[in-house]
Amino acid sequence: MIRASFALIRRDLGLSLTRGGGPLLSVGFYLTLMAMIPLSLGPDQAVLSRIAAGLTWLCLALSSLLSLERLFERDYEDAVFDTLRLGPLPLELIALLKCLSQWLGTGVILSLMTPVVMIILGAPMSLALMGLVSAFLGSLSFALIGGIGASLALGSRKGGVLMALLVLPFYVPPVIFGAGLMQAVQTGASPLQALAFLSAYALFALALGPVAMGAALRSALS
Amino acid sequence: MGVSLRVEGLSLKKGYNLLIHNLNFTLKSGEAISLYGENGVGKTTLLRTLAGFLTPFAGAISAYENDVHIEPEIWQGRRIHFLGHHDALSPSRTVAQELKFHADYLGGAVAGIEMLNLTPLLDLETRYLSAGQKRRLSCAKLLMAKRSLWLLDEPMAPLDVDHRALLSGLMQAHLAAGGMIIAAVHDPLPFATRILKLERPTAKEREAASV
């Protein structure tokens with residue numbers, strides 16, 4: 001079972017790097033969005049450094065949406081699920097591993113970009129480091145909640161828009177907690193509370209995600 | 001004794017349409033069934049139901065090993081191979097990568113490369129393969145992980161004459177080793193099998209099931 005899990009993660013990571021719509025697309029989208037912010041708001045350093053943290057979270061959420069459509073769709077179209085379902089892993093675990101490899105391939109890279117982007121926008125160093133930690137937790141929640149949306153929209157043609165509508169409301173809590181965390185750091189308050197909420201939401205997604213995805217996939221695949 | 005599969009009173013629906021009504025058969029170790037029937041009669045649906053992908057409308061499918069019932073999860077996860085007419089391959093991965101993945105995922109060792117003449121194809125991405133080459137690649141997983149029941153959906157269709165003979169040799173070896181095969185076919189297999197011809201349910205049966 002462990003061997004099968006690693007085989008699946010290796011395969012999905014390899015696929016996300018080689019086929020289109022992988023991390024490059026999301027990272028490119030993320031960087032372009034961030035580059036447009038100073039262009040649209042003007043180069044005033046004081047304004048930018050104040051709103052950098054909040055905007056980073058918004059862009060992170062939107063970039064995480066991009067690669068969702070491909071999470072299950074390709075394997076569904078190529079009938080790869082026929083093989084996956086006859087292996088030793090239950091459908092819930094397959095879905096979880098796919099989400100985690102998606103996170104490793106895209107979310108983690110986006111998180112690593114986050115402090116860089118924040119510094120470019122003029123945020124102080126301490127804030128950027130906190131941004132890295134919170135972006136890790138946030139992108140994990142985005143990947144898992146997004147996986148639920150992706151599995152629900154599976155099989156409907158052009159499910160991308162439907163998926164965005166399903167998923168975005170559930171992206172709100174991490175955005176609130178993440179931006180709140182940034183604000184706490186900026187105003188010198190304790191960041192612990194926001195950090196705890198952010199972790200709690202990631203754990204909530206980790207617990208609910210596999211069960212929900214398993215049920216949705218089972219109905220989409222029958 | 002070995003393994004056996006028992007299908008009792010199986011009825012299958014696709015949407016509201018009754019496809020198969022009250023199907024009963026028992027398959028024992030070393031036996032093969034050729035599944036005949038016109039297009040759209042439900043051969044693929046039956047195979048997918050036996051693989052556990054679809055839930056039957058009525059009836060039961062149960063597997064036994066030495067008369068002890070095998071849990072459906074174990075049966076589906078460790079004892080069945082399913083070869084659909086859609087080869088389950090990712091177009092952007094190479095043949096070698098797919099072989100390695102199937103071996104690791106299904107719990108076996110990479111095998112059958114020589115036997116299925118896959119050596120010259122190893123570095124090609126699977127989207128460049130012809131239908132017959134894809135089928136040969138899919139057949140490799142039959143050899144890599146040892147499983148009791150092979151569910152084959154028109155396994156011979158894209159293969160050339162030599163490879164048809166090769167695959168039927170593999171199937172006979174599997175039966176001789178105590179395996180079971182259910183294959184949907186249009187041309188008879190070149191060895192003795194039991195024959196199951198699927199018929200469309202009568203209007204009366206269809207009406208009874210639509211309530």
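We name chains A, B, ... by the order of the sequence lines, and we start the count at 1 in each one. Quick note: numbers below take in every heavy atom, side chains included, and nothing from hydrogens, waters or symmetry partners.
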Legend entry - Interchain contact, Arg79(B) with chain A, by part (heavy-atom threshold 4.5 Å): neither
Legend entry - Which portion of Ile80(B) sits near chain A, non-hydrogen atoms under 4.5 angstrom: both
Legend entry - Contact winner vs chain B - Asp82(A), Leu221(A), Leu89(A), heavy-atom pairs under 4.5 Å: Asp82(A)
Inset, instruction - Output yes when Lys43(B) and Asp153(B) qualify as a salt bridge under the 4.0 Å nitrogen-oxygen rule, no when they do not. - result: no
Inset, instruction - Identify which part of Leu91(A) has an atom lying under 4.5 Å from any heavy atom of chain B, answering side chain, backbone, both or neither. - result: neither
Legend entry - Ion pair Arg11(A)/Asp75(A), N-O distance below 4.0 Å: yes
Inset, instruction - Consider only side-chain N and O atoms of Ser26(A) and Thr106(A), and report whether a donor and an acceptor are under 3.5 Å apart. - result: no
Legend entry - Contacting moiety of His102(B), where chain A heavy atoms sit under 4.5 Å: side chain
Legend entry - Set of residues satisfying salt bridge (charged side-chain N to carboxylate O under 4.0 Å, His left out) with respect to Arg85(A), sequence neighbours excluded: none
Legend entry - Contact leader toward chain B among Thr83(A), Leu86(A), Val80(A), where contacts are heavy-atom pairs under 4.5 Å: Leu86(A)
Inset, instruction - State whether Asp104(B) and Arg10(A) are salt-bridged, where the test is any N-O pair (Lys NZ or Arg NE/NH1/NH2 against Asp/Glu carboxylate O) under 4.0 Å. - result: yes
